[in-house]
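Take a look at the structure below.
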There are 2 protein chains.
Amino acid sequence: MPTIRDVAQHAGVSMKSVSRVLNGEAHVRPQLRDRVMAAVEALDFRPNLAARQLAGHKSFIIAYPFNNPSAAYITEILMGAARTCRDHGYHLVSEPVELDDQMLPVIERLITTLRPDGMILTPPLCDMPAVVEHVARFKVPLVRIAGGLDLYGESIVIDDRTISRAMVAHLMEKGHRRIGFVLPHPEHALAQRRFRGYLDGLAEAGIEPEPALIQPGRFDLESGAQAAAALLDLPLPPTAIFASNDDMALGALRVAHSRGLSVPDDLAIAGFDDSPASRLAYPALTTVRQPTQLLGAAAATILLGGALDPAAIKHELLIRGSTAKLAG
Amino acid sequence: MPTIRDVAQHAGVSMKSVSRVLNGEAHVRPQLRDRVMAAVEALDFRPNLAARQLAGHKSFIIAYPFNNPSAAYITEILMGAARTCRDHGYHLVSEPVELDDQMLPVIERLITTLRPDGMILTPPLCDMPAVVEHVARFKVPLVRIAGGLDLYGESIVIDDRTISRAMVAHLMEKGHRRIGFVLPHPEHALAQRRFRGYLDGLAEAGIEPEPALIQPGRFDLESGAQAAAALLDLPLPPTAIFASNDDMALGALRVAHSRGLSVPDDLAIAGFDDSPASRLAYPALTTVRQPTQLLGAAAATILLGGALDPAAIKHELLIRGSTAKLAG
DNA sequence: TTGAAAGCGCTAACAC
DNA sequence: GTGTTAGCGCTTTCAA
């Protein structure tokens, strides 16, 4: 493997000049630049990351420790962020983290051995004060995605509230007046936002929220099924159920199926997330698509010093079979 | 941040001794070892990866470039491999790769800048000769998971064939004699194995395979739905459909639902992979669980020079609602 | 079993 | 604008 020294000799310039060209520094005459590039090509030179890291006190690494809320979410974030990193000569190092007593040590090891130039955190890690403070202590630039706003680091927040309201409006359009809601896992920062959106939607139609129509959830199929069962057992059951994520909506769908209710004829069901399973279900679930890859890309962009267009980060309502019929 | 030099001074030994202790080299007197460790503790010393890489010509990095067949699969491999890496002081760097003209350059950049000590490849990348040969050219130790056997690198193969046969046997036990099969994507190395298992299962019961009952598939919901439609349109349709992955089985489930067929009463459906959606479907899909995390861990173990117990890598039949009824 | 010296391949700081 | 020098923090080699 050729080194910078070889390139410098081949081009008849100093090592520093080669370094300058390679790093795109200013004040380099085009002529010298060309000579260096020619030598780089000729020798098929590849800079050694380790040497750059050591000498330059930069790692060219963004770390993404994650705890697995959903495989689809993780990979989308990963892909968005990794691609952005790659375009800037950076690398993304992702590392699974358990929510046990090894959590902090693992993150600490990630920071102290890799010395990443930045870090991305998603729920639930991004909302755990112990984790965020740990990162803050090492002064690693941090971007938190979809978390609360009151901790160290930049936040990328998405407007769950507005889109939740839009979903309720969609159900209203379909003629639904009694809309059950399955709450998000209470420990997620987005819980408030999605619930508020539901209330907004009702308010917009001049409908009073009804406590019995609002059921707790924990983001898993089981809790969705339980909530749906409770809703359908009501003396006056809802004609539509809006679950605040897809897994819970699929739980509701399962209950409907097992009770012989036809979806969407007897009951409309809507979810949130556009999970792969929501597409594969029968009927396919009406849901909300989050621009997850974009979120990952945006996080990386921020860390790499780029500008971000917050307007680009928009939810999208995906109307599918599970809410395709008019109520009544 | 303290350096080895600081630790050496603090302990009153040479830098080399500290290095020896840290790397667990032999020929170190316990007494010296203890003194060094005490200094490490006292100073909260963390070795700098970049410096170790540069001086030691080792990167402590395993690379995992992947193309996204399924998010669940990717994250499981990732988690298994990353955890093993971590336990050995290594890091896993994963990188999404598109199947376009950037594919080879991206992989090359991954190799030449990171200089990984090993690489893991999963389908479809692990079966693409261009990719594997590229890796071979750089002499990066490679482990391929679930691929063919005729390329550079170690292979971790799993016995799809035996478990496919077991699935057919299960359906036979339920009284099914006409079992439709939806073939895997033909470009995957596992295609032959899963199909053979189906044939084995029939042969075991003394049943001749019937060409009309064997439909092509491409691993996506659409192709599964098409195959199921074709099977159900047969003059003598099957009473069970075994799709060679879950997405296609869910396509079959969708067709059954939309035709008003009850699953499993009118039609049994089985899949392969234990995807999240297979658990969330109604009825839940009978399927095959692959020990995906173990595969990732095994791949890392091999690269890190560990021994592997091939017997540990076993499929598991998951009997769920979609095949719960006796045929007839 | 331990230590001293040299150097991994690059960039920072400074001089010119 | 370009070159020179001196390291970055560790491991290797070789000597003791």
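Predicted model only: the values in this text are computed from it and were never measured. Proteins get letters first, then strands, A, B, ... in listed order; numbering begins at 1 in each.
With the nearest nucleotide of DNA chain C identified for both B:Ala26 and A:Arg46, B:Ala26 has the one nearer the 5' end.
Atom pair A:Gln53:CD and D:dG7:C1' shows a separation of 17 Å (rounding to whole Å applied). Atom C1' of nucleotide D:dT11 and atom CG of B:Asn48 are separated by 13 Å, given to the nearest angstrom. Nucleotide D:dG9 holds its P atom 12 Å from the CG atom of B:Leu54, rounded to whole Å. The CG atom of A:Asn23 sits 15 Å away from the P atom of D:dT2 (whole-angstrom rounding). Following rounding to the nearest Å, B:Arg52 (CZ) and D:dC8 (P) show an atom-to-atom distance of 19 Å. Look at CG on A:Leu49: it is 17 Å from P on D:dG9, rounded to the nearest Å.
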Can you name the atoms? Protein N/O to nucleotides 12-16 of chain D N/O, anything below 3.5 Å, with the distance.
none

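A search for ring pair (Phe, Tyr, Trp, His ring centres under 6.0 Å) contacts involving B:Tyr73 returns nothing, not counting sequence neighbours. Residues meeting the salt bridge (charged side-chain N to carboxylate O under 4.0 Å, His left out) test with B:Arg35, sequence neighbours left out: none. Residues that satisfy the side-chain contact (heavy atoms from CB on, under 4.5 Å) test with A:Thr112, not counting sequence neighbours, are A:Glu108, A:Phe138, B:Met1, B:Arg46. Checked against side-chain hydrogen bond (donor to acceptor under 3.5 Å, both in side chains), B:Thr292 has no partners two or more places apart in sequence or in another chain. Under the ring pair (Phe, Tyr, Trp, His ring centres under 6.0 Å) criterion, B:Phe45 pairs with no residue, sequence neighbours left out. A:His188 is linked by a ring pair (Phe, Tyr, Trp, His ring centres under 6.0 Å) to A:His185, A:Phe219, counting only residues two or more places apart in sequence or in another chain. Listed by chain and residue number, nothing satisfies the side-chain contact (heavy atoms from CB on, under 4.5 Å) test with B:Asp34 (two or more places apart in sequence, or in another chain). For A:Tyr152, there are no ring pair (Phe, Tyr, Trp, His ring centres under 6.0 Å) partners two or more places apart in sequence or in a different chain.
Counting only residues at least two apart or in different chains, salt bridge (charged side-chain N to carboxylate O under 4.0 Å, His left out) contacts with residues 82-96 of chain A comprise A:Arg83-B:Glu98, A:Arg86-B:Glu95, A:Glu95-B:Arg86.
Helix-axis bend for the helix from C:dT1-D:dA16 to C:dC16-D:dG1: the local axis fitted to the five terminal pairs at one end deviates from that at the other end by 30°, rounded to 10°.
Phosphate contact (OP1/OP2 of D:dG9, side-chain N/O of B:Thr3, threshold under 4.0 Å): absent. Not one side-chain nitrogen or oxygen of B:Arg5 sits closer than 4.0 Å to the OP1 or OP2 atom of D:dC10. Put simply, A:Ser17 has a side-chain N or O that comes within less than 4.0 Å of OP1 or OP2 on D:dG3.
Taking all atoms of both residues into account, the shortest heavy-atom contact from A:Ala300 to A:Ile120 is N-CD1, 4.0 Å.
For B:Glu187, the CD atom sits in a loose shell: 12 or fewer heavy atoms of surrounding residues, nucleotides or ligands are nearer than 6.0 Å.
For DNA chain C, the outermost nucleotides in 5' to 3' order that have an atom under 4.0 Å from a heavy atom of chain A are C:dG9 to C:dA13.
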